[in-house]
Amino acid sequence: MVSMQMRYGNCSNWELLEENLLPVEVVDGGLQALANGCPNLRRLVVINASELGLLTLAEECLTLQELELHKCNDNVLRGIAACENLQILKLVGNVDGLYCSLVSDVGLTILAQGCKRLVKLELSGCEGSFDGIKAIGQCCLMLEELTICDHRMEDGWLAALSYCENLKTLRLLSCKRIDLDPGPDEYLGFCPSLERLHLQKCQLRSKKSVRALFRVCEAVREVVVLDCWGLDNDMFTFASVCRRVKFLSLEGCSLLTTEGLEATVLSWLDLETLVVVSCKNIKESDISPALATLFCNLIELRWRPDAKSLLSSSLMGTGMGKKGGKFFKRT
């Protein structure tokens with residue numbers, strides 16, 4: 001474990017990290033010793049390893065199922081491709097202010113061809129494009145969960161998600177952009193098995209990007225948007241294409257209004273749970289009779305758009321909480 005203070009001055013964060021990192025050859029020696037002593041190893045987190053070190057580990061630890069690689073690059077992934085039984089993988093490439101490592105389509109393709117039993121994959125600070133994601137979709141047929149954090153991928157990568165036919169969960173975290181040029185609708189396709197779409201701390205400023213994202217995820221049943229910038233009424237309207245949504249959670253969506261919320265959720269006939277927290281422009285005074293009726297028919301409603309929310313008292317006498325297992329829940 002390393003503890004270091006992030007400070008301004010002549011010394012960069014990268015220099016601080018380098019001072020505290022073991023050299024690659026030392027890390028590889030540790031992996032060799034680990035492989036020799038722990039052949040039944042199941043989970044490993046490592047930083048600054050090489051292709052040779054990981055290859056040694058893969059050859060000796062045949063039951064390795066979960067791996068987290070920091071400061072990863074394409075060459076390192078040549079070693080990881082030998083981990084044939086790997087099921088959970090997290091790759092951290094570039095981290096602003098700390099280190100810069102390149103994971104491109106080359107590495108993603110090597111990974112896809114070697115680790116065909118992946119169930120969960122997280123790509124953080126990675127590059128690549130349509131080709132890399134397509135290779136993962138075509139080779140990793142068991143992949144159910146894909147997390148993309150702070151990506152540097154080229155425009156057009158969204159269309160490759162349609163090749164992930166068994167994908168159930170898609171998470172986008174801290175992405176400064178989604179896909180500025182996703183291409184025409186006829187090439188986008190969609191993920192037929194997708195159930196959950198989670199967006200957290202992403203910048204949703206491009207209408208083209210948001211529209212393409214919801215179209216690719218049109219089969220989704222659960223949508224969570226947490227502390228994302230730029231999600232206004234026009235952007236949220238694109239979610240109307242997701243006709244099967246049963247669960248919606250909105251938190252920290254300060255640009256969205258009651259009108260924008262209503263325009264979309266009223267089109268979701270299967271909606272069962274609605275969570276609205278810290279969305280300051282969603283006003284209870286703007287709730288229409290149609291939206292109030294929807295609230296009464298939900299299985300669960302968690303409503304706290306601001307600190308002055310009084311919805312629980314304003315709905316008294318409407319029958320909320322008296323229809324079978326339906327209830328009202330405040331947070």
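Residue numbers start at 1 and run along the sequence shown. All values below come from the heavy atoms of this structure, side chains included, with hydrogens, waters and symmetry mates left out. From a predicted model like this one, the values you see are computed outputs, not experimental measurements.
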Review point. Less than 4.5 Å apart, any side-chain heavy atom of Leu89 and any of Leu111?
Key: yes

Nearest heavy-atom approach of Arg205 to Trp229 is NH2-CB, 3.7 Å

I'd like to know if Asp185 and Arg211 make a salt bridge, using a cut-off of under 4.0 Å between side-chain N and carboxylate O. yes

What I'd like to find out is whether the side chain of Leu231 reaches to under 4.5 Å of the side chain of Leu255, using heavy atoms alone.
no

Sequence neighbours excluded, the answer for side chain to side chain contact (heavy atoms under 4.5 Å, CB included) partners of Glu272 is Lys246, Ile299

Here the gap from Met235 atom CE to Phe214 atom CZ, rounded to the nearest 0.5 Å, amounts to 10.0 Å

Check your understanding: Any luck finding a side-chain donor-acceptor pair between Thr63 and Asn40 under 3.5 Å?
Key -> no

For residues 147-154, run the donor-acceptor check on the side chains, cut-off 3.5 Å, and write out each pair with its distance to 0.1 Å, sequence neighbours left out.
unit_1	atom_1	unit_2	atom_2	d
Asp150	OD1	Arg152	NH1	3.3
Asp150	OD1	Lys176	NZ	2.9
Asp150	OD2	Arg152	NH1	2.6
His151	ND1	Met153	N	3.0
His151	NE2	Arg177	O	3.0
His151	NE2	Ile178	O	3.1
Arg152	NH1	Asp150	O	2.8
Arg152	NH2	Asp96	OD1	2.5
Arg152	NH2	Asp96	OD2	3.3

CA sep, side-chain torsions, deciding dist, call: Leu67, Leu91, side-chain contact (heavy atoms from CB on, under 4.5 Å)
CA-CA 9 Å; Leu67 181 61; Leu91 302 180; over 6 Å; no

Q. Do Leu180 and Leu172 belong together in a cluster built from hydrophobic side chains that touch within less than 4.5 Å?
A. no

Does the side chain of Asp28 come under 3.5 Å of the side chain of Ser50 through a donor N or O and an acceptor N or O?
yes

Residues Leu64 and Cys83: closest non-hydrogen pair is CD2-SG, 4.2 Å

Item to complete: Taking atom NZ of Lys168 as the centre, report whether more than 12 heavy atoms of other residues, nucleotides or ligands fall under 6.0 Å from it.
Response: yes

Does a side chain donor of either Ser209 or Asp179 reach within less than 3.5 Å of an acceptor in the other side chain? no

- Message: Same cluster or not: Phe190 versus Val220, using hydrophobic residues (I, L, V, M, F, W, Y) connected whenever any side-chain heavy atoms lie under 4.5 Å apart?
- Response: no

Step by step, work out the side-chain contact (heavy atoms from CB on, under 4.5 Å) result for Lys116 and Cys140.
CA-CA 5 Å; Lys116 296 184 178 182; Cys140 304; 5.6 Å; no

When Ile88, Ile136, Leu108 are each screened for side-chain contact (heavy atoms from CB on, under 4.5 Å) with Leu121, the one that passes is Ile136

Heavy atoms of Ile282 and Leu256 approach each other most closely as CG1-O, 3.3 Å

Q. Is there a side-chain contact between Ile47 and Lys71 (heavy atoms, below 4.5 Å)?
A. yes

Under the criterion side-chain contact (heavy atoms from CB on, under 4.5 Å), I'd like the reasoning laid out for Leu291 against Thr258: C-alpha separation, chi angles, the key distance, then a yes or no.
CA-CA 9 Å; Leu291 191 56; Thr258 312; 4.0 Å; yes

**Asked** Can you get from Leu118 to Tyr163 by hopping between Ile, Leu, Val, Met, Phe, Trp and Tyr side chains that sit under 4.5 Å apart?
**Response** no

So CG of Asn281 and CG of Asn233: to nearest 0.5 Å the spacing works out to 8.5 Å

Original post:
So, do Ile287 and Trp303 sit near enough that their side-chain heavy atoms are less than 4.5 Å apart?
Top reply: yes

* Asked: For the side chain of Asn297 and the backbone of Thr293, is there at least one donor-acceptor N/O pair under 3.5 Å apart?
  -> yes

Between Trp157 and Ser129, the two heavy atoms sitting closest are CB-C, 4.0 Å

Expected output: side-chain Asn48 to main-chain Leu22 donor-acceptor under 3.5 Å
yes

Problem - Ionic contact status for Arg171 with Glu145, cut-off 4.0 Å - result: yes

For residues 191-200, the side-chain hydrogen bond (donor to acceptor under 3.5 Å, both in side chains) pairs (sequence neighbours left out) are Thr169-Arg196, His198-Glu222

Value for CD (Glu51) from CD1 (Ile110), rounded to nearest 0.5 Å, stands at 8.0 Å

In terms of heavy-atom contacts, Gly137 and Cys164 come closest through CA-SG, 3.7 Å

Problem - Leu197 vs Leu199 side-chain heavy atoms within contact, under 4.5 Å - result: yes

Task: Test item: Asn36 and Thr56 side chains (from C-beta on) under 4.5 Å apart, heavy atoms - done: no

Of all heavy-atom pairs linking Cys228 and Leu204, the shortest is CB-CD1, 3.8 Å

Test item: Thr264 side-chain N/O and Leu261 main-chain N/O as donor-acceptor pair under 3.5 Å: no

So does Glu300 pair up with Arg302, basic N to acidic O under 4.0 Å? yes

Here the gap from Cys202 atom SG to Leu226 atom CG, rounded to the nearest 0.5 Å, amounts to 10.0 Å

query: Just wondering, do Thr273 and Leu248 contact through their side chains at under 4.5 Å, heavy atoms?
result: no

Are Leu44 and Leu55 in one and the same hydrophobic cluster, where Ile, Leu, Val, Met, Phe, Trp and Tyr link if side-chain heavy atoms are under 4.5 Å apart? no

query = Given side chains that start at C-beta, do those of Val276 and Leu274 come closer than 4.5 Å, heavy atoms only?
reply = yes

Between the OG atom in Ser124 and the NE2 atom in His70, the distance rounded to the nearest 0.5 Å is 8.5 Å

Is it the case that atom CD in Glu259 sees more than 12 heavy atoms from other parts of the structure closer than 6.0 Å? no

Here the gap from Leu31 atom CG to Cys38 atom SG, rounded to the nearest 0.5 Å, amounts to 11.5 Å

